[in-house]
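One structure is given below, encoded as structure tokens.
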Amino acid sequence: MAAISIAPAYERIYAATRQIPTGRVATYGTVAHLAGLPGQARLVGYALFRVALPDTEIPWHRVINAKGEISRAPSRHGSDWVQQARLLTEGIVFTADGKIPLAVYGWPRSLYLK
DNA sequence: AATTTGACCATAA
DNA sequence: GTTATGGCCAAAT
């Protein structure tokens, strides 16, 4: 009954990630919330790790951590730099600290309106 | 089937 | 400012 959403948890995360508009970024926590997994910021990170390589339609590079910084990791095989490059390509400018001003690029805007 | 793994966030000291 | 800790979950091997 109610086959409302028997979709894999990860797929919902991917769906939420695809909704991030170009030139904008969302945090893991936000994506988790949009995916219907409030508080599961970690799952988002886990899911994205499994998808990053065969990248298809998922703008995984638009997902960053709550600090407004790209989550670098040794296990990422350098995909973290690809993320940096892609964000720059979309017109996003990093601060001197290598961070992204969420107040400007954060999405959805409603979470960052002053 | 059990073990391993993995890109977070918030709080406390 | 850093460091440590708890919480949370699913997929790949």
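Below, chain A is the first sequence line, B the second, and so on; all start at residue 1.
Side chain of A/Q83 to main chain of A/V63: a donor-acceptor pair is present (N/O by atom type, distance under 3.5 Å, no hydrogens or angles). Under a 3.5 Å cut-off, the side chain of A/R62 and the backbone N or O of A/I20 do form a donor-acceptor pair.
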Using residues 68-75 of chain A as the side-chain source, report each donor-acceptor pair under 3.5 Å to any protein atom, sequence neighbours left out, with the distance given to one decimal.
{"residue": "A/S71", "atom": "OG", "partner": "A/N65", "partner atom": "ND2", "Å": "3.2"}

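Atom CG in A/L111 sits roughly 15 Å away from atom C1' in B/dC9 (whole-Å rounding). Rounded to whole angstrom, the span from the CZ atom of A/R50 across to the P atom of B/dG6 amounts to 8 Å. Rounded to an integer number of Å, the gap from A/F49 CZ to C/dC9 C1' is 16 Å. The distance from atom CG of A/D80 to atom P of B/dC8 is 11 Å, rounded to the nearest whole Å. Rounded to whole angstrom, the span from the OH atom of A/Y10 across to the P atom of B/dA7 amounts to 11 Å. Atom pair A/R12:CZ and C/dA10:C1' shows a separation of 12 Å (rounding to whole Å applied). One can place CD1 of A/I64 at 17 Å from P of B/dA7, the figure rounded to the nearest angstrom. Rounded to whole Å, the distance from CG on A/L48 to P on C/dA11 is 14 Å.
The stretch residues 94-111 of chain A participates, sequence neighbours left out, in no salt bridge (Lys or Arg N to Asp or Glu O under 4.0 Å) pair at all.
In terms of the side-chain hydrogen bond (donor to acceptor under 3.5 Å, both in side chains) criterion, residue partners of A/T27 (sequence neighbours excluded) are, by chain and number, A/T30. Evaluation of the side chain to side chain contact (heavy atoms under 4.5 Å, CB included) rule for A/Y105 yields A/V25, A/I92, A/V93, A/I100, A/P101 as partners, not counting sequence neighbours. With sequence neighbours left out, the side chain to side chain contact (heavy atoms under 4.5 Å, CB included) criterion links A/V82 to A/W60, A/R86. With sequence neighbours left out, A/A103 forms a side chain to side chain contact (heavy atoms under 4.5 Å, CB included) with no residue at all.
DNA chain B lies under 4.0 Å from at least one heavy atom of each of the following residues of residues 66-75 of chain A: A/A66, A/S71, A/A73, A/S75. For residues 27-43 of chain A, proximity to DNA chain C is found at A/Q40, A/R42, A/L43, defined as any non-hydrogen atom under 4.0 angstrom from a strand atom.
The P atoms of C/dT13 and B/dA7 are separated by 16 Å, rounded to the nearest whole Å. Using P as the reference atom, C/dG7 and B/dG6 are 22 Å apart when rounded to the nearest Å.
Residue A/W81 belongs to no hydrophobic cluster, having no ILVMFWY side-chain heavy atom closer than 4.5 Å to its own.
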